[in-house]
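Structure first, commentary second.
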Amino acid sequence: MRAEDPRLTTLSPETAATGLLPQLAHARNPGMALDLDWVAGVQANTSAIERRCATLGGRRSVKKDWQAAWLLKAISLIDLTTLSGDDTPGRVERLCAKARQPVRPDMLDALGMTGLTVGAVCVYHDMVETAVRCLEGTRIPVAAVSTGFPAGLSPWRLRIAEIGESVKAGAKEIDIVISRRHVLTGNWQALYDEMREMRAACGEAHVKAILATGELQTLRNVARASLVCMMAGADFIKTSTGKEAVNATLPVTLTMIRAIRDYQDRTGHKVGYKPAGGISKAKDALLYLALMKDELGAPWLQPDLMRFGASSLLGDIERQLEHHLTGAYSAGYRHALA
C-alpha cells in the first residue's frame, strides 16, 4: 500500500479542510511592460514534464481523514459552473443554493466542518444578475465568462463592451478568452495589447485569462502565452473554456504553474491558477492539489490563488465524503447540482 505523502500531511485535517492556512495578503498583479526577450527564452521540456506528471499519482497519496480534509479544501476552490445553452434562471438559482450549501449539513456536522462554500459561481452574462441576487449576503463572488466565450472571435468592441456589462451587472470576476491566433502566429505584442485592454475594462473585477490550451499545439506555446498574459496584468491564468476537445491536463498545469512561479520570482507578484474542463473526479482534484502544493506551496491552496472550473466535480467529492463517513457509496442522483 502506498504511504501517505508527508508533504500533504504537514497540516492537521481540520486546518486543511477549513482553509486556515496562512493568509498572506497580496496586491493584484499590475502587470509589466512586455519583455519579448524573456518570452523568446521560455522553453518547455515536454518529455520531462509528461514524465513528472505520469508519476505523480504513485508518489502523492492521502487516505482517511487526510483525504476527507483535502476534498473539503477542493470544494472551497470550485468555481461552480453552468455554461449551457439551455440555462434558465431556475437552474442558476438551484446552482447558487448548492454553492451556499455544497455538502449536506449532517455530513458537515459529522466531519466537524462549518461555513463551507464553493469559491465562486460562474455563468454566462445573461445569468449574472440572477446569480448575484441569489448569493446576496454571502462572500461568494459571481464570475462571468466574457469576450465572445468560448471562441473569442466576436468583434473587438463587442468583446470589450461585454466585459463592462457583466461588471455593471455585479460580476466580481471576469473569465476572458484570448485570441488563439496571436499565440499560433507568435504575435506576442498583439496578445499583450489585447490582454492589457481587457484588464483595464474589468476595472476592480479580477480577470482570469483563458488560454484554451488544447488549441495552442505545444507546451512551449502554453508557457509563453501564460507569461504574456501575466505581463499584461492577468489575475489568474486558466487552462480552458471546457468546450475544447482537450481541456485541463496535468502536463499543461505543470507548465502554467511553473510560469507563475517564474513570474513571481522575477516580479514579486502572485498570479492565480484555474484548471477547467474535464476535472470531474475527486481523485483528479487531489492530484491537482498535490501538484500545486509541490510547485507553488500552501498560499496557492486558497481561493484567491486557485480555483477549479467544474460542474460535476462537486457531486463526486460528495460521494467520496459519504463513503468516508459510512463505508458505502451513494447513488449519484443523491448529490445533484441543480
Side-chain angles (χ1 to χ4, degrees), residues 5-11 15-17 19-32 38 42-45 48-53 55-57 59-62 66 69-79 119-120 173 206-211 213 219 222-231 233-240 248-276 279 284-310:
D5 176 30
R7 299 192 194 190
L8 297 183
T9 56
T10 54
L11 302 169
T15 299
L20 299 178
L21 296 168
Q23 295 270 7
L24 301 178
H26 65 275
R28 291 184 68 185
N29 172 33
M32 56 175 283
W38 186 2
V42 171
Q43 301 294 329
N45 186 331
I49 290 170
E50 291 176 345
R51 186 165 57 249
R52 161 92 163 89
C53 293
T55 61
L56 184 65
R59 295 183 293 107
R60 299 287 179 264
S61 178
V62 286
W66 295 105
W70 285 101
L71 290 177
L72 290 169
K73 165 56 66 179
I75 290 174
S76 75
L77 304 177
I78 292 176
D79 278 5
E173 301 174 358
H206 284 218
V207 56
K208 306 190 194 91
I210 308 173
L211 305 188
T213 54
L219 291 180
V222 170
R224 291 179 176 180
S226 298
L227 182 58
V228 172
C229 287
M230 290 186 286
M231 288 179 176
D235 295 295
F236 269 72
I237 52 175
K238 175 180 171 181
T239 59
S240 321
T249 67
L250 287 174
V252 159
T253 292
L254 183 56
T255 301
M256 293 176 71
I257 63 180
R258 283 182 173 172
I260 289 172
R261 186 177 63 194
D262 291 345
Y263 184 78
Q264 187 199 14
D265 288 345
R266 180 85 62 104
T267 68
H269 299 299
K270 291 183 172 68
V271 174
Y273 176 65
K274 179 178 174 178
I279 304 173
D284 295 330
L286 291 174
L287 289 178
Y288 281 90
L289 290 174
L291 193 59
M292 290 294 286
K293 190 170 190 300
D294 276 359
E295 296 288 328
L296 293 176
W300 269 266
L301 298 179
Q302 298 297 334
D304 58 338
L305 287 173
M306 187 184 180
R307 301 285 179 80
F308 288 106

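Values below: every heavy atom of this structure, side chains too, minus hydrogens, waters and symmetry copies.
- How far CG of Leu77 is from CG of Asp304: 9.5 Å, rounded to the nearest 0.5 Å.
- Residues Met32 and Tyr263 have side chains in contact (heavy-atom distance under 4.5 Å, counting atoms from C-beta outward).
- The two residues Ala223 and Val42 have their closest heavy-atom pair at CB-CG1, 3.5 Å.
- The side-chain contact (heavy atoms from CB on, under 4.5 Å) check on Ala285 picks up Ala74, Phe308, Leu313, with sequence neighbours excluded.
- Residues Ile237 and Cys229 come closest through the heavy atom pair CG2-CB, 4.3 Å.
- Contact detail for Ile279 and Ala248: the closest heavy-atom pair is CD1-CB, 4.1 Å.
- Not counting sequence neighbours, the partners of Thr253 by the side-chain contact (heavy atoms from CB on, under 4.5 Å) test are Ile257, Tyr273, Pro275, Tyr288, Leu291.
- With sequence neighbours left out, Arg51 forms a salt bridge (charged side-chain N to carboxylate O under 4.0 Å, His left out) with no residue at all.
- Residues meeting the salt bridge (charged side-chain N to carboxylate O under 4.0 Å, His left out) test with Glu50, sequence neighbours left out: none.
- Nearest heavy atom pair, residue Ala276 against residue Thr239, reads N-OG1, 2.9 Å.
- Contact annotation: the side chain of Asp294 approaches that of Leu56 to within less than 4.5 Å [non-hydrogen atoms, C-beta and beyond].
- When all heavy atoms of Leu287 and Gly57 are compared, the closest pair comes out as CD2-CA, 3.6 Å.
- The main-chain N or O of Val228 is never found under 3.5 Å from a side-chain atom of Trp38 such that the two would form a donor-acceptor pair.
- In this structure, CD in Gln302 is found 12.0 Å from NZ in Lys270, a value given to the nearest 0.5 Å.
- Between the side chain of Asn29 and the backbone N or O of Asp235 there is no donor-acceptor pair closer than 3.5 Å.
- Applying the salt bridge (charged side-chain N to carboxylate O under 4.0 Å, His left out) rule to Arg224 yields no partners; only residues at least two apart in sequence or on another chain are considered.
- Screening Arg307, Glu173, Met306 against Lys274 for a side chain to side chain contact (heavy atoms under 4.5 Å, CB included) leaves a single residue, Arg307.
- Within the model, atoms CD1 of Ile260 and CG of Leu305 stand 8.5 Å from one another, a figure rounded to the nearest 0.5 Å.
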Test side chain to side chain contact (heavy atoms under 4.5 Å, CB included) on Arg266 and Arg261; report intermediate values, then the result. CA-CA 9 Å; Arg266 180 85 62 104; Arg261 186 177 63 194; over 6 Å; no
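- Taking the side chain as every heavy atom from C-beta outward, Thr255 and Thr213 never approach each other to under 4.5 Å.
- The CD1 atom of Ile78 sits 12.0 Å away from the NZ atom of Lys73 when rounded to the nearest 0.5 Å.
- To the nearest 0.5 Å, the span separating CH2 on Trp70 from CG on Leu301 amounts to 5.0 Å.
- The line from NE2 of His269 to CZ of Arg28 is 12.5 Å long, rounded to the nearest 0.5 Å.
- Taking the side-chain contact (heavy atoms from CB on, under 4.5 Å) definition, one finds that Ala259 meets it with Ser226, Met230, sequence neighbours left out.
- Nearest heavy atoms, Asp79 versus Gly119: OD1-C, 4.2 Å.
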